[in-house]
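For reference, the structure is listed below as structure tokens.
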Amino acid sequence: IPVNSDYRLWPADLIPAPTVENAGRPIELGMKFRPIANGTVTALRFYKALNNANPTILKLYSASGTVLATATHSDGGTDPGFKEVTLGTPVSLTANTLYMVTYYSASGDYVKTDGYMASAQTSGPLTAPANGSADGSNGMYYLDSEGFPDQSCGTCNGPNYWADVVFNSNTVSYTYTLLGITDQNGCTSLASAVVTQPSNPVSVSLLVSPHVFCYGGNNGVVYSTPA
């Protein structure tokens, strides 16, 4: 079980094969997302197409358009794929709060996959809300200069422009249902296990219901030992 894990909406080994586009003018594109736990953004990411040699400016915004972080990526354009820029100072995010991650292309070059945001996308504690949900459109852009993306493609059904974050959360908990616990004397029980980060070793508590049943009496005790 990971402790203090880094989460990304799009895995590093994902090869999305998006279409390569050019707006014919500068464009900034992005994606709305929200974490379900408090944590920090430690890096910004985007998918770069082959031969896009232009420097790319990545940004993290609040839902109201305040710039929370900026980073620049440039590698000469010969190596396509996800590019990740570590922030000098991590940015704290609040659970269940909406944010946007974007990238700005002065040349107008960008990638997209139409319809990808038609349904919500979730990875660990991160969710990109579905296009047309209570959070409005997703897959946003801003034309002609840098700016908070507030426009959407009405015919694209929630395009994914493949912007992303690296999110570190140390407050995520997981609950597992154990179908049976049997000790060396044959005593059995059902229980759920709550696994809480960031303790190291991971903190594990067992919630036993009913009490351990052994030879007709509810008199057993179950102990948990983190690995």
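From a predicted model like this one, the values you see are computed outputs, not experimental measurements.
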Disulfide (SG to SG under 2.5 Å) partners of residues 108-155, not counting sequence neighbours, each pair once |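 As it turns out, the disulfide (SG to SG under 2.5 Å) pairs with a partner in residues 108-155, which skip direct neighbours, are Cys153-Cys156.
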Can you list every pair that meets side chain to side chain donor-acceptor pair (under 3.5 Å) and has a residue in residues 124-139, with sequence neighbours left out?
->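 As it turns out, the side chain to side chain donor-acceptor pair (under 3.5 Å) pairs with a partner in residues 124-139, which skip direct neighbours, are Arg34-Asp135, Thr122-Thr127, Ser137-Ser152.
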Checking [X] now: which residues fulfil side-chain contact (heavy atoms from CB on, under 4.5 Å) with it, not counting sequence neighbours?
X      : value
Val85  : Leu58, Ala71, His73
Ser119 : Gln121
Thr66  : Ser62, Ser64, Leu68
Glu21  : Thr19, Tyr110, Lys112

Check side-chain hydrogen bond (donor to acceptor under 3.5 Å, both in side chains) between Thr40 and all other residues, then give those that pass, not counting sequence neighbours.
->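 Applying side-chain hydrogen bond (donor to acceptor under 3.5 Å, both in side chains) to Thr40 gives none.
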What pairs with Phe82 under ring-ring contact (aromatic ring centres under 6.0 Å, His included), at least two apart in sequence or on another chain?
->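 Here the qualifying residues are Tyr47.
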Using links of under 4.5 Å between side-chain heavy atoms of ILVMFWY residues, direct or through other members, which residues join Ile57 in one cluster?
->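 Grouped by the 4.5 Å side-chain rule, Tyr104 form the rest of the cluster around Ile57.
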Using atom types as modelled, flag every donor-acceptor pair under 3.5 Å from a side chain in residues 91-99 to any protein atom, sequence neighbours excluded.
unit_1	atom_1	unit_2	atom_2	d
Thr97	OG1	Thr94	O	3.3
Thr97	OG1	Ala95	O	3.3
Tyr99	OH	Thr94	N	2.9

Atom CE in Met100, atom CD in Glu28: separation rounded to 0.5 Å?
->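 Between atom CE of Met100 and atom CD of Glu28 there are 9.0 Å.
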What residue pairs, at least two apart or across chains, pass salt bridge (Lys or Arg N to Asp or Glu O under 4.0 Å) with a residue in residues 151-160?
->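 Sorted result for residues 151-160: empty, none.
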Please list every donor-acceptor pair under 3.5 Å in which a side-chain atom of residues 144-151 meets a protein atom from a residue at least two apart or in another chain.
unit_1	atom_1	unit_2	atom_2	d
Asp144	OD1	Arg25	NH1	3.2
Asp144	OD2	Arg25	NH1	3.3
Glu146	OE1	Lys59	NZ	2.7

